[in-house]
Visitor: 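Dropping the structure in here first, questions after.
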Amino acid sequence: FFIKQLFPLHASIMIDNFDDIILDYEISLLRLTDTELVCSYNHYLLEIKADRLSIKSMSMERLHLQVDKLLHFKLTRKESS
């Protein structure tokens with residue numbers, strides 16, 4: 001608890017030349033295929049489409065995707081309930 005207050009964790013998206021996309025924080029996968037990713041990410045819904053998506057690494061708090069020809073990237077804030 002104390003460590004979290006000293007070093008708060010925040011969701012982040014890192015994109016390197018649209019070839020690599022790294023999502024840090026808690027991710028809930030809703031749909032994942034070799035061409036599409038839809039996930040719930042913090043207070044957002046993230047949609048990615050590409051000619052090909054590959055998982056480089058995945059853990060409970062991080063997803064690293066290899067992207068071949070990004071076609072669609074959409075980040076939408078979820079409605080408060």
Side-chain angles (χ1 to χ4, degrees):
F1 176 73
F2 181 68
I3 296 294
K4 285 185 179 181
Q5 287 181 331
L6 284 177
F7 305 103
L9 298 175
H10 299 285
S12 67
I13 299 173
M14 293 173 272
I15 301 172
D16 182 20
N17 203 24
F18 293 100
D19 292 336
D20 285 293
I21 298 176
I22 300 170
L23 307 173
D24 279 330
Y25 205 60
E26 296 174 1
I27 305 151
S28 297
L29 291 176
L30 303 176
R31 182 170 49 249
L32 178 61
T33 68
D34 61 345
T35 61
E36 182 179 17
L37 166 77
V38 179
C39 66
S40 177
Y41 186 65
N42 205 11
H43 299 291
Y44 296 90
L45 185 67
L46 175 62
E47 301 172 58
I48 298 173
K49 291 182 185 173
D51 276 355
R52 183 157 180 80
L53 293 174
S54 305
I55 297 174
K56 280 184 130 176
S57 65
M58 187 165 107
S59 68
M60 291 295 291
E61 295 185 356
R62 185 172 204 190
L63 176 62
H64 186 169
L65 294 171
Q66 169 101 33
V67 180
D68 293 329
K69 193 176 178 191
L70 182 67
L71 303 171
H72 177 82
F73 186 99
K74 183 178 179 182
L75 187 62
T76 309
R77 186 166 180 81
K78 290 189 228 173
E79 296 291 325
S80 300
S81 45

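Keep in mind the model is a prediction, meaning the values are calculated, not measured. Computed from heavy atoms alone, side chains included, the values below leave out hydrogens, waters and symmetry copies.
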Visitor: Given the rule that I, L, V, M, F, W and Y join up when any side-chain heavy atoms are under 4.5 Å apart, are L53 and V38 in one cluster?
Guide: no
Visitor: Do I27 and L75 share a hydrophobic cluster, counting only Ile, Leu, Val, Met, Phe, Trp and Tyr and linking them when any side-chain heavy atoms are less than 4.5 Å apart?
Guide: yes
Visitor: List for me each residue that meets side chain to side chain donor-acceptor pair (under 3.5 Å) alongside R52, sequence neighbours excluded, and say none if there are none.
Guide: none
Visitor: Can you confirm whether H72 is buried at NE2, in the sense that more than 12 heavy atoms of other residues, nucleotides or ligands lie under 6.0 Å from that atom?
Guide: yes
Visitor: Can you name the residues that form a side chain to side chain donor-acceptor pair (under 3.5 Å) with S40, not counting sequence neighbours?
Guide: K78
Visitor: Of all residues at least two apart in sequence or in a different chain, which pass the salt bridge (charged side-chain N to carboxylate O under 4.0 Å, His left out) check with E47?
Guide: none
Visitor: State whether the side chain of Y41 and the backbone N or O of S12 hold a donor-acceptor pair below 3.5 Å, judged by distance alone.
Guide: yes
Visitor: Find the distance between OG (S57) and CG (L65) and round it off to the nearest 0.5 Å.
Guide: 9.0 Å
Visitor: For residues 14-22, which side-chain donor-acceptor pairs fall under 3.5 Å, sequence neighbours excluded?
Guide:
from, atom 1, to, atom 2, distance (Å)
D20, OD1, K56, NZ, 3.2
D20, OD1, H64, NE2, 3.0

Visitor: Indicate the atoms forming the closest heavy-atom contact of I55 with L32, along with that distance.
Guide: CD1-CD2, 3.4 Å
Visitor: Kindly determine whether L23 and C39 satisfy side chain to side chain contact (heavy atoms under 4.5 Å, CB included), including the steps that lead there.
Guide: CA-CA 10 Å; L23 307 173; C39 66; 4.1 Å; yes
Visitor: Measuring only between side-chain heavy atoms, which start at C-beta, is L71 closer than 4.5 Å to D51?
Guide: yes
Visitor: Ignoring hydrogens, what is the shortest heavy-atom contact between L70 and I48? Give both atom names and the distance.
Guide: CD1-CG2, 3.7 Å
Visitor: Under the side chain to side chain donor-acceptor pair (under 3.5 Å) test, which residues partner E36, sequence neighbours left out?
Guide: R31
Visitor: Evaluate the side chain to side chain contact (heavy atoms under 4.5 Å, CB included) criterion for residues L29 and L63: first the C-alpha distance (whole Å), next the side-chain angles of each, then the deciding distance (0.1 Å), finally the verdict.
Guide: CA-CA 10 Å; L29 291 176; L63 176 62; 4.2 Å; yes
Visitor: Any pair with a residue in residues 63-75 that passes salt bridge (charged side-chain N to carboxylate O under 4.0 Å, His left out), sequence neighbours left out, goes on the list, sorted by first then second residue, please.
Guide: none
Visitor: Is there a chain of hydrophobic side chains (I, L, V, M, F, W, Y, each step under 4.5 Å between heavy atoms) that links Y44 to F73?
Guide: yes
Visitor: Indicate, with yes or no, if I13 and V67 share a hydrophobic cluster defined by side-chain heavy-atom contacts under 4.5 Å among Ile, Leu, Val, Met, Phe, Trp and Tyr.
Guide: yes
Visitor: Roughly how far, to the nearest 0.5 Å, is the CE atom of M60 from the CZ atom of R62?
Guide: 15.5 Å
